[in-house]
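Notes follow once the structure below has been shown.
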Amino acid sequence: MRGFRSDFLRVLAERGFIHQCTDPEALDGAAAEGRITGYVGFDCTADSLHVGNLLSIMMLRWLQRTGHRPIALVGGGTTKVGDPSGKDESRRLLSEEEIARNRAGILRSLEKFLDFGGGEALLVDNAEWLDRLLYIPFLREVGRHFTINRMLAFESVRQRLEREQPLTFLEFNYMVMQAYDFLELSRRFDCRLQMGGSDQWGNIVCGIELARRAEGRQLFGLTCPLLTTASGAKMGKTAQGAVWLNEDRLPPFEYWQFWRNTEDADVGRFLRLFTELPLEEIARLERLQGAEINEAKKILAFEATRLAHGEEAARKAADAARRLFEGGEGSVAALPEVTVPRTRLAEGVPVVELFTLAGLAKSRGEARRLIRGGGARLDDRRITDEHLMIREADLGDGALKLSAGRKRHVLVRAA
RNA sequence: GGAGGGGUGGCCGAGUGGCUAAAGGCAGCAGACUGUAAAUCUGCCGGCGCAAGCCUACGUAGGUUCGAAUCCUACCCCCUCCA
């Protein structure tokens, strides 16, 4: 990495955050000379952010840590328009209430990573200005700086056109809205930098051009790479869906597990991107070979969970995992629990039903297949009889551990 | 408005009267091997059922037939070309 003078860009470069930057030298100069303000936008399409947003969040966090001012922009306004980037179909339009609910959830995600206290990091909603725009004045002020010729050349638009998928005029305006956001933030807060995923490059550049044409101001854009795992899968997506940052969407234990199960080849890269451990420490962990690399994965899991859920939750998750996977008795308190009424247990509950009650199988048939395949266990003993009945006496000291495979466990209690 | 093509399981995609709960692939789940990794191999993969079997399912609604994802009719939706 060609030696950056500013801490901010040096850290981002060393850790592998930088994909593209509009004018690295000038941005470096500005960040070295004084405090700059930069932002990332998050649309309110779900009630929690997820691991796919984490790179952007970490960039804001580093911006703050290196002495600058981050702005988290929630897209209360742009969500009403819908970003067509990377999508073949337009998204269902969200209602005002849904957007408000999602915005609240996104704040909870962000608060963990950024310090909004004392006027440090700022939280702004673009509905503040977008909702109030007047059509004709807006077209005259902003619209005249955009040419359709240029807009049609943008990747997000071209893709839709080439695949002959419809692109509504509403969505077509998304990039104009995002460009205007940047201009507005630069006016209100002297914000000079916009960051985001590489898919946002076009939209970011749009804003930079608008500011240059409209006011002759130089703004900067910086994108992070689109992350894939070493085996090529999109980062942060699992079969169950996105890896959410909010604990009501994904318990900290599951979050910890997600990081713990990182592929060997990704460990070093992820440590640099998703933890704040010193680079020397990471280099050491990265050198671990064979089974020893599990130590590095546990540290990755702990650090990543600490950022999203706090130290306490991270410790608990690590603890629960240790008991679960590395033998030893003791309590298994961190496992999800279900309760079954004593009256039901009195007459006996078929194991297959217990598996569905515990959420470990979608149907009794699935539970039966699980048993036939040898993947079902009861207090760590393989279940061979699919007709087994469970009674209160089987709960022993109060709880029964049901397992589907090595990793999914549920405690059953009587109530 | 006219002509043509198409809608099959989570996705892709075969199937053009019974042998079809529907080939194959992907994804998923489990087992083996391991290191809670990757790769590989094996099994499972609509619901209910111990089973026989029953139910639901090939855009929607009817119909023909002993029997339909497959044939007919109407409707809905998508795409292509022309105007």
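Order of the sequence lines fixes the chain letters, A, B, ..., with proteins taken first and strands second; residue numbering starts at 1 for each chain. Just so it is clear, the model here is predicted, and its values are computed rather than measured. Values below: every heavy atom of this structure, side chains too, minus hydrogens, waters and symmetry copies.
- The nucleotide whose nearest atom lies closest to any side-chain atom of Asn294(A) is, among C50(B), A32(B), G35(B), G35(B).
- The same atom, P, is picked in C12(B) and in G67(B); the two are 33 Å apart, to the nearest Å.
- Here the P atom of nucleotide G49(B) and the NE2 atom of His387(A) are 11 Å apart, to the nearest Å.
- Look at CZ on Arg377(A): it is 10 Å from P on A30(B), rounded to the nearest Å.
- Look at A27(B): it lacks any Watson-Crick or wobble partner with both distances under 3.5 angstrom.
- Using a 4.0 Å heavy-atom criterion, one finds that Arg369(A) contacts the sugar-phosphate atoms exclusively.
- OP1 or OP2 of G49(B) lies within a sub-4.0 Å distance of a side-chain N or O belonging to Arg364(A).
- Comparing the P positions of A69(B) and U20(B) gives an interatomic distance of 13 Å, to the nearest angstrom.
- A salt bridge links Lys80(A) with Glu96(A): at least one charged nitrogen is closer than 4.0 Å to a carboxylate oxygen.
- When each of Lys297(A) and Arg372(A) is assigned the nucleotide of RNA chain B with its nearest heavy atom, Lys297(A) is the one assigned upstream, toward the 5' end.
- Remark: C19(B) base-pairs with no nucleotide; criterion is Watson-Crick or G-U wobble with both hydrogen-bond distances under 3.5 Å.
- By the 4.0 Å N-to-carboxylate-O rule, Glu353(A) lies close enough to Arg344(A) to be salt-bridged with it.
- With rounding to whole Å, Lys407(A) atom NZ is found 16 Å from U34(B) atom P.
- A salt bridge does not link Asp319(A) with Lys316(A): every distance from a Lys NZ or Arg NE/NH1/NH2 to an Asp or Glu carboxylate oxygen is 4.0 Å or more.
- Salt bridge status for Glu209(A) with Arg212(A): absent, with no side-chain N to carboxylate O gap under 4.0 Å.
- Rounded to whole Å, the P atom of G43(B) lies 31 Å from the corresponding atom of A57(B).
- Ring pair Phe270(A)/Trp259(A) is perpendicular by interplanar angle, where above 60° counts as perpendicular and below 30° as parallel.
- Side-chain atoms of Glu263(A) lie closest to A38(B) of the nucleotides U36(B), A38(B), G49(B).
- Distance CZ (Phe258(A)) to C1' (A37(B)): 13 Å, rounded to an integer number of Å.
- Comparing G31(B), C29(B), U36(B) against the side chain of Leu370(A) picks out C29(B) as the nearest.
- Taking atom CD1 on Ile383(A) and atom C1' on A30(B), their separation rounds to 13 Å, with Å as the unit.
- Nearest-nucleotide positions on RNA chain B for Thr356(A) and Gly374(A) put Gly374(A) closer to the 5' end.
- With P as the reference atom, G6(B) and A52(B) are 39 Å apart, rounded to whole Å.
- Across all strands shown, U70(B) has no partner, as no Watson-Crick or G-U wobble contact with both distances under 3.5 Å is found.
- Of the candidate nucleotides C50(B), A37(B), A30(B), A30(B) has the atom nearest to the side chain of Arg408(A).
- With C1' as the reference atom, G49(B) and A68(B) are 27 Å apart, rounded to whole Å.
- Heavy atoms of Glu366(A) sit nowhere under 4.0 angstrom from any nucleic acid atom.
- Classification of Glu311(A) and Arg315(A) as a salt-bridged pair holds, one side-chain N sitting under 4.0 Å from a carboxylate O.
- Straight-line distance from the CZ atom of Arg260(A) to the C1' atom of U34(B): 12 Å, rounded to whole Å.
- For the C1' atoms, the distance from U16(B) to A22(B) is 13 Å, rounded to whole Å.
- The side chain of Ser363(A) lies closest to G47(B), out of U36(B), G47(B), G35(B).
- Rounded to whole Å, atom C1' of C48(B) lies 14 Å from atom CD of Glu386(A).
- In this entry G4(B) has C79(B) as its Watson-Crick or G-U wobble partner, both defining distances falling under 3.5 Å.
- Side chain of Ala321(A), nearest nucleotide from U36(B), C50(B), G35(B): U36(B).
- Straight-line distance between the P atoms of U56(B) and G47(B): roughly 16 Å, to the nearest whole Å.
- When distances run from any side-chain atom of Arg382(A) to the nucleotides G31(B), A51(B), A37(B), the shortest one goes to G31(B).
- Across the P atoms, C58(B) and G7(B) are found 14 Å apart, a figure rounded to whole Å.
- Classification of Arg306(A) and Glu303(A) as a salt-bridged pair holds, one side-chain N sitting under 4.0 Å from a carboxylate O.
- The distance from atom CZ of Phe355(A) to atom C1' of C48(B) is 19 Å, rounded to the nearest whole Å.
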